[in-house]
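The structure appears below as structure tokens.
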Number of protein chains: 2
Amino acid sequence: MKRKEDYYKIRSEILKAMAHPSRLFIIEEISKGERCVCELTDMIGADISTVSKHLSVLKKAGIVTDRKQGTTIFYRLRVECIMDFMNCIDNVMKANAETNINAVKCCKC
Amino acid sequence: MKRKEDYYKIRSEILKAMAHPSRLFIIEEISKGERCVCELTDMIGADISTVSKHLSVLKKAGIVTDRKQGTTIFYRLRVECIMDFMNCIDNVMKANAETNINAVKCCKC
DNA sequence: GTTTTATTTGGCTAATTTGCCAATTATGAA
DNA sequence: TTCATAATTGGCAAATTAGCCAAATAAAAC
């Protein structure tokens, strides 16, 4: 079934867009409110072109949107649940820390 | 703050482990119950060594665990919330489909 | 119009990931 | 012990991703 494969492909592209330390930082930061490229660049400490490219990856995946005000572009989350969603990742991390447990129950995700 | 950076790094590694079509398929499939490497290999249609490597990526990230029975190794999810978690990804996909909407509300994640 | 500030895009190299094949390990059966 | 089955590991080439610099675009200030 070709349909099903495409579905996993698209899903994986959204996940891949999130799967980078700087992009996770951006997601967390803009979940607190709109931020412009230069603010994020200062916080991340990479080249502005690098940060701009990270933002375009997130935008292409549909995770963020932007708004232009003069020469400044503000980014914000497009889908509200993204942050709650991180709780599940954190449950995996917690489970990894306590490696003696096998099956981990969790909530809030 | 070095601590915070490490945190994003680890989070991104868990997400990266999930961000592949075959690995997403595996996650969904074993969420229904234990599956051995050969069963998953038949379903995916890739070389068994490829599937084995995908499983080791998921295992290393703490997403799955395994159980040996004779020569067969059964894999299962290690963290229960992983599947609910996919709902949020699907909300992003839905939002991408209806591109005229900007901020998307969602639940169940 | 020219300059300044904010951001994006192109191009390049380095690093990482993917997937196959061949070889290896491990267990159970003959 | 030898053979067969299940799975993992090593190694390699192809594809993708990351991050920097330089150049281009866009809007506002002078």
Side-chain angles (χ1 to χ4, degrees), chain A residues 5-6 8-27 29-30 33-78, chain B residues 5-6 8-27 29-30 33-78:
Chain A
E5 283 163 33
D6 290 347
Y8 289 118
K9 181 102 196 301
I10 296 167
R11 256 192 184 177
S12 73
E13 270 155 19
I14 294 168
L15 280 163
K16 211 186 298 177
M18 294 196 283
H20 186 286
S22 300
R23 295 199 288 264
L24 285 178
F25 171 81
I26 291 170
I27 289 170
E29 189 55 35
I30 68 176
E34 287 187 332
R35 298 283 185 276
C36 67
V37 184
C38 56
E39 284 177 305
L40 293 167
T41 301
D42 287 345
M43 291 185 261
I44 291 169
D47 194 274
I48 190 167
S49 70
T50 302
V51 175
S52 175
K53 275 177 185 171
H54 282 313
L55 286 164
S56 85
V57 169
L58 290 171
K59 191 178 169 185
K60 200 173 158 201
I63 298 166
V64 306
T65 3
D66 55 355
R67 176 179 69 86
K68 197 172 208 171
Q69 188 171 50
T71 59
T72 308
I73 299 178
F74 291 98
Y75 281 86
R76 64 175 184 281
L77 286 186
R78 179 150 161 277
Chain B
E5 283 163 31
D6 290 347
Y8 289 118
K9 181 103 195 302
I10 296 167
R11 256 191 183 176
S12 73
E13 270 154 20
I14 295 168
L15 280 162
K16 213 187 296 177
M18 295 196 284
H20 185 285
S22 300
R23 295 200 289 265
L24 285 178
F25 171 81
I26 290 169
I27 289 170
E29 189 55 34
I30 68 175
E34 286 187 332
R35 298 284 185 275
C36 67
V37 183
C38 56
E39 283 176 305
L40 293 168
T41 301
D42 286 346
M43 291 186 260
I44 292 169
D47 194 274
I48 189 168
S49 69
T50 302
V51 175
S52 175
K53 274 176 186 172
H54 282 314
L55 285 164
S56 83
V57 169
L58 289 172
K59 192 178 169 186
K60 200 173 157 199
I63 296 166
V64 306
T65 2
D66 55 357
R67 177 178 70 85
K68 196 172 210 170
Q69 190 170 49
T71 59
T72 308
I73 298 178
F74 291 99
Y75 281 86
R76 64 175 185 281
L77 285 187
R78 180 150 160 278

Rounded to whole angstrom units, what separation is found between the [atom1] atom of [X] and the [atom2] atom of [N]?
X: B:Phe25; N: C:dG19; atom1: CZ; atom2: P; value: 14 Å
X: A:Glu34; N: C:dT7; atom1: CD; atom2: P; value: 12 Å
X: B:Ile73; N: C:dA26; atom1: CD1; atom2: C1'; value: 9 Å
X: A:Gln69; N: D:dA28; atom1: CD; atom2: C1'; value: 13 Å
X: B:Lys68; N: C:dT25; atom1: NZ; atom2: P; value: 13 Å
X: B:Phe74; N: D:dT5; atom1: CZ; atom2: P; value: 17 Å
X: B:Lys9; N: C:dA15; atom1: NZ; atom2: C1'; value: 13 Å
X: B:Lys59; N: D:dA7; atom1: NZ; atom2: C1'; value: 11 Å

Side-chain donor/acceptor of [X] to backbone N/O of [Y], under 3.5 Å:
X: A:Ser56; Y: A:Lys53; result: yes
X: A:Arg76; Y: A:Arg35; result: no
X: A:Arg23; Y: A:Ala17; result: yes
X: B:Thr50; Y: B:Ala46; result: no
X: B:Arg78; Y: B:Thr65; result: no

[X] versus [Y], closest heavy-atom pair with distance:
X: B:Tyr75; Y: B:Val64; result: CD2-CG2, 3.7 Å
X: A:Thr72; Y: A:Cys36; result: CG2-CB, 3.3 Å
X: A:Ile30; Y: A:Leu77; result: CD1-N, 3.7 Å

Problem - Residue-phosphate contact under 4.0 Å: B:Tyr75 side-chain N/O, D:dT8 OP1/OP2 - result: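 Yes, because at least one side-chain N or O of B:Tyr75 sits under 4.0 Å from OP1 or OP2 of D:dT8.
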Handout entry: Residues in contact with DNA chain D, drawn from residues 43-56 of chain A - heavy-atom cutoff 4.0 Å
Key =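 Nucleic-acid contacts, sorted: A:Ala46, A:Asp47, A:Ser49, A:Thr50, A:Lys53, A:His54.
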Handout entry: Sorted by number, the residues of residues 15-22 of chain B with heavy-atom contact under 4.0 Å to DNA chain D
Key =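 Hits under 4.0 Å, by residue number: none.
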Problem - Beyond-backbone contact of B:Phe74 with B:Asp66, side-chain heavy atoms, under 4.5 angstrom - result: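 No; the side chains remain at least 4.5 Å from each other.
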